[in-house]
Amino acid sequence: MRESYDPAAVERAAQQYWDERRAFEVGEDPARPKFYCLSMLPYPSGRLHMGHVRNYTIGDVLARYLRMQGYNVLQPMGWDAFGLPAENAAISNGVPPAKWTRENIAHMRAQLKSLGFAIDWRREIASCDPGYYHWNQWLFLRMREKGLAYRKSGVVNWDPVDQTVLANEQVIDGRGWRTGAPVEKREIPMYYLAITRYAEELLEALATLDGWPERVRVMQANWIGRSEGCDIAFPYAADTVAAAGSDGALRVFTTRADTLFGATFMAIAAEHPVALAAARHDARLAAFVEECRQGSVVEADVATQEKKGMPTGLHVLHPFTRKPLEIWVANYVVMAYGEGAVMGVPAHDERDFDFALKARLPVVTVIRPVSGAYEEVRAPWMPAYADYGVTVNSAEFSGLTFQAAVDAIAAALEKNGLGRKRVQYRLRDWGISRQRYWGCPIPIIHCGACGEVPVPDEQLPVVLPEDLVPDGSGNPLARSPAFYECRCPKCGGAARRETDTMDTFVDSSWYFMRYACADAANSMVDRRVDYWLPVDQYIGGIEHAILHLLYSRFWSRVMRDFGMVKFGEPFTRLLTQGMVLNDIYSYVPDDGRKRYVNPADVDTRRGADGVEVHEAVTPELGTVPVTHEGLGKMSKSSGNGVDPQHLVERFGADTARLFTMFASPPEQTLEWSDEGVQGAARFIRRLWNAVYEHVAAGPTLALDRAALSAAQRELRRAAHQALAKATDDIGRRRNFNTAIAAIMELLNSIGRFGDPSPQGRAVRHEALGIAVLVLAPITPHVCHALWLALGHPTAPVDEPWPTPDSAALAQETHEIVVQVNGRLRGHISVPVQADEAAVRAAALADERVRRFIGDKPVRRVIVVPGKLVNVVV
RNA sequence: GCCCGGGUGGCGAAAUCUGGUAGCCGCAUGGGACUUAAAAUCCCAUGGGGGAAACCCCGUGCCGGUUCGAGUCCGGCCCCGGGCACCA
């Protein structure tokens, strides 16, 4: 063993040891319990960032820990290789996305390997490989056969200058990112997957996911958004029937049928057929509908815009009172939800209230609080009353509580054929068409004679040409006759291949199954999936809490219903790790455009007035003061990233891993700190030095548990306490920071323990061994070296996880806290087996406690066994 | 706008399930030891206020409540972050 710690040499040796033994290549072994430990696959952006390091270190710690616990652990890795950044790189550098992507993968793979993750690299997949996306296409066609995949029109962001569909990310302040042109909404045909057919099951099964964070389950439940309500048909007035089209009534969905008598107007979306019909004869209305087409399709934009509307001059009749209600076109009504039309009840709905206030529409109060007087809602002095209550002013339905009113009104509507109860979901079907090049081609052929024709299975995969270079306007596939010109599989005539590609969420909805059988050439999955799946522990960013996880749950169910897999829930346990943050510094040169400076290049000192001054050397201006903008997610755009590679080169992978695990618990954000990294490096050196000094003093005798001094028993207890805590922290709580803190405390105790006697050395040997094995999943390289240096013949990866010795943990007395009136006043030491009366007596006898009690009468004494006594006076 | 989180010393954080000693561990800072010196290492101190000291008071974003006891539970607010369906 070397006297000083050399991370590069230690890490090289450990990685070589694992590689030579193929330590992390695993196969199906029915004799052992399996554990599938999966981290979300990275997008190959070019370089690893600290978020990756954090994500994969968490996964690796768990994988290595569970391996030591005796599980057959699978930990694979792959690449989410399709997507927009490759096209952006192509636009700025002229490099084909395929080349850019594959070079990035090679670079990032080497970076991952340098971090020492226990990955079975034989199973690596990339979603841009035809052998992978073949099966996206194949399953899409199976879904299409069942009606689970279908074509309908959908709304997209349209850049009128570039004549291109824009991703939401490419819309900046309502304008196209490259052209600056105001974005419009445009309807185009797209393919959809019928995730809403699984809405009920996806919602109900959330209750079974007890290994998921509660907040993720709540977010998913709200996203699915089950509402019980009523369809209500408002018949058109006589003068409206012709103008509105053939259908005799305007349909709405409402969760508040109890407020039906408070409806004073109808509001419809600008894209509603009735709005379009009315706009044909009304120039002002047409202009308003056109105005609503401006702007992006992003929900947050729609929801925060000012509420606007315009009357159509058309009317419906109230289903009970037959009073006419005017139809308005309103920008706050969304076509995608319900019927694209709502009944306007200003007295009992805040959005309707705001709208009615602006449009000067009447307000009719029909609900009063259950307990409390009737109060008329009168805009604007008295706000809308949106809570449940008792109906008033509602003819024969007055005086009913919410549920009774809804039941009675729904029954009456159903009798008249004007409505009935229905469950509505907020969840919409999944639109998967993208008018983009770098994605999986949708396997459809459009034939003038036969229409929409699926590509026959034997012609799959439809291979994406890899030599095209997008230029930012339109989809290069649509300009590539070599790709789109084809023969109709049905009639053999000239036909055009679909040029839309699939949403990249399709790729990531099932990759975790493919890892189990990455080499299966003739099928999407095979029976090995039954052994490995479902994933036992999934780890990834909280930003994926809804879409990716919901799509994967849906996709798994589809495959289950096709008989391909045996599970519906793909991820048994979920850990959502927080983001990695760093300081953001900027300055503004003469051109007025803000530049960012990496925090590593910022020099901070305290000025004469005690205020911190930040400076950096800039290319334009030399040394200038820079502004500290606070903390933000590490990103290219804020220039505050820390390159893991530099960290590994300077301190070693173990330091990088230790710091990311120690700085905060995995679910919280992690704030970068160069000093914290130094601290992690220092701790590893201290551990190294402690083991070195121990080993250098010669061999150790066997531990004789019966012959230990009090101080020796004390260190043993500290060691086994640390082991028990760290085991619980890693295995159950998944709080790695506190597990590390426990081992740091143990190392402090070992440092203070100077006993050079044979039994003292034996106790120290055991304690160092515990520290090294517990840290082995976190800092595997250095622990590999130290464990072998301690004289153990087996490497930590093949060691079982140690068990705490209950005899070492036993104590004769313990400390109890004594409070007077809930305030800490003293500590007493009592025998562990002392009963409540004895503890109480000891507490009341304590001198300091007596002082605080004084001559006041003791009213009550609360004894919490093993913890505290509270004397109430 | 809607849904979901978070807010504790100079800083990252701890206080777990089930309310029971607020601040483990680390960083930073100050002092000391070692050294020709520096670095490294080791030791001590470090929430705020008062006091010579013993010790006392205050303190977990803000306001209020429940309780013998609240960082933890309840109600209301403020601020910060994530998601909102074409970023991944």
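Letters A, B, ... are given to chains in the order of the sequence lines, protein chains preceding strands, and every chain is numbered from 1. Nothing here was measured: the structure is a model prediction, and the numbers come from that model.
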* Asked: Does A/Arg850 come within less than 4.0 Å of A/Glu847, counting only side-chain N to carboxylate O?
  -> no
* Asked: Which heavy atom in A/Glu3 sits nearest to a heavy atom in A/Tyr692, and how many Å separate them?
  -> CA-CE1, 3.4 Å
* Would you kindly give the OH-to-P distance between A/Tyr551 and B/C84, to the nearest whole Å? => 10 Å
* Asked: Can a salt bridge be assigned to the pair A/Asp6 and A/Arg2 using a cut-off of 4.0 Å between side-chain N and carboxylate O?
  -> yes
* Asked: Is A/Arg178 salt-bridged to A/Asp162, going by a charged N under 4.0 Å from an acidic O?
  -> yes
* **A/Arg823 side chain near B/U21 phosphate (N/O to OP1/OP2, under 4.0 Å)** => no
* Rounded interatomic separation in angstrom, taking CZ from A/Arg752 and C1' from B/C44 -> 13 Å
* Determine whether any donor atom in the side chain of A/Gln819 lies under 3.5 Å from an acceptor atom in the base of B/G20, or the reverse, and answer yes or no. => yes
* Asked: Can you check whether A/Arg686 has a side-chain N or O nearer than 4.0 Å to OP1 or OP2 of B/C42?
  -> yes
* Structure fact -> Separation of B/G12 atom C1' from A/Leu658 atom CG, nearest Å, is 14 Å
* Residue matched to B/G5 through Watson-Crick or wobble contacts both under 3.5 angstrom -> B/C80
* So, is A/Arg682 near the phosphate of B/A39, with a side-chain N or O under 4.0 Å from OP1 or OP2? -> no
* To do: Using Watson-Crick or G-U wobble geometry with both distances below 3.5 Å, tell me the partner of B/G51, or none.
  => none
* **Nearest heavy-atom neighbours spanning A/Gln170 and A/Val165** => OE1-O, 4.2 Å
* Asked: Is a side-chain N or O of A/Asn157 found less than 3.5 angstrom from the main chain of A/Lys185, in a donor-acceptor match?
  -> no
* **B/A54 versus B/G59 - spacing of their C1' atoms, nearest Å** => 23 Å
* Hey, is the side chain of A/Arg732 pairing donor to acceptor with the base of B/U16 inside 3.5 Å? -> yes
* To the nearest 0.5 angstrom, please state how far the CG atom of A/Leu844 sits from the CZ atom of A/Arg840. => 6.0 Å
* Asked: Syn or anti: how is B/G9 classified when any glycosidic angle within 90° of 0 counts as syn?
  -> syn
* **Residue closer to the 5' end of RNA chain B, A/Ala742 versus A/Leu670 (nearest nucleotide)** => A/Leu670
* Asked: Does A/Arg428 put a side-chain nitrogen or oxygen below 4.0 Å from OP1 or OP2 of B/A85?
  -> no
* To do: Find the distance A/Trp672:CH2 to B/C27:C1' and express it as a whole number of Å.
  => 14 Å
* **Partner nucleotide, any strand, of B/C42 [Watson-Crick/G-U, under 3.5 Å]** => B/G32
* By nearest nucleotide on RNA chain B, pick out whichever of A/Glu815 and A/Ile542 is the more 5' one. => A/Glu815
* Pick the C1' atom in B/G48 and in B/G23, then give their distance to the nearest Å. => 14 Å
* Structure fact -> From CZ of A/Arg733 across to C1' of B/U16 the rounded distance in Å is 4 Å
* To do: Counting Watson-Crick and G-U wobble pairs only, both distances under 3.5 Å, name the nucleotide matched with B/U72, or none.
  => none
* **Whether A/Trp555 and A/Trp430 hold their rings parallel, tilted or perpendicular, with breakpoints at 30° and 60°** => perpendicular
* Determine: side-chain N/O of A/Asn735 to OP1/OP2 of B/U16, distance under 4.0 Å, yes or no. => no
* Structure fact -> Heavy-atom contacts, protein to nucleotides 1-11 of chain B, under 4.0 Å, summarised as B (base), S (sugar-phosphate only) or - (none) per nt, yield B-SSS------
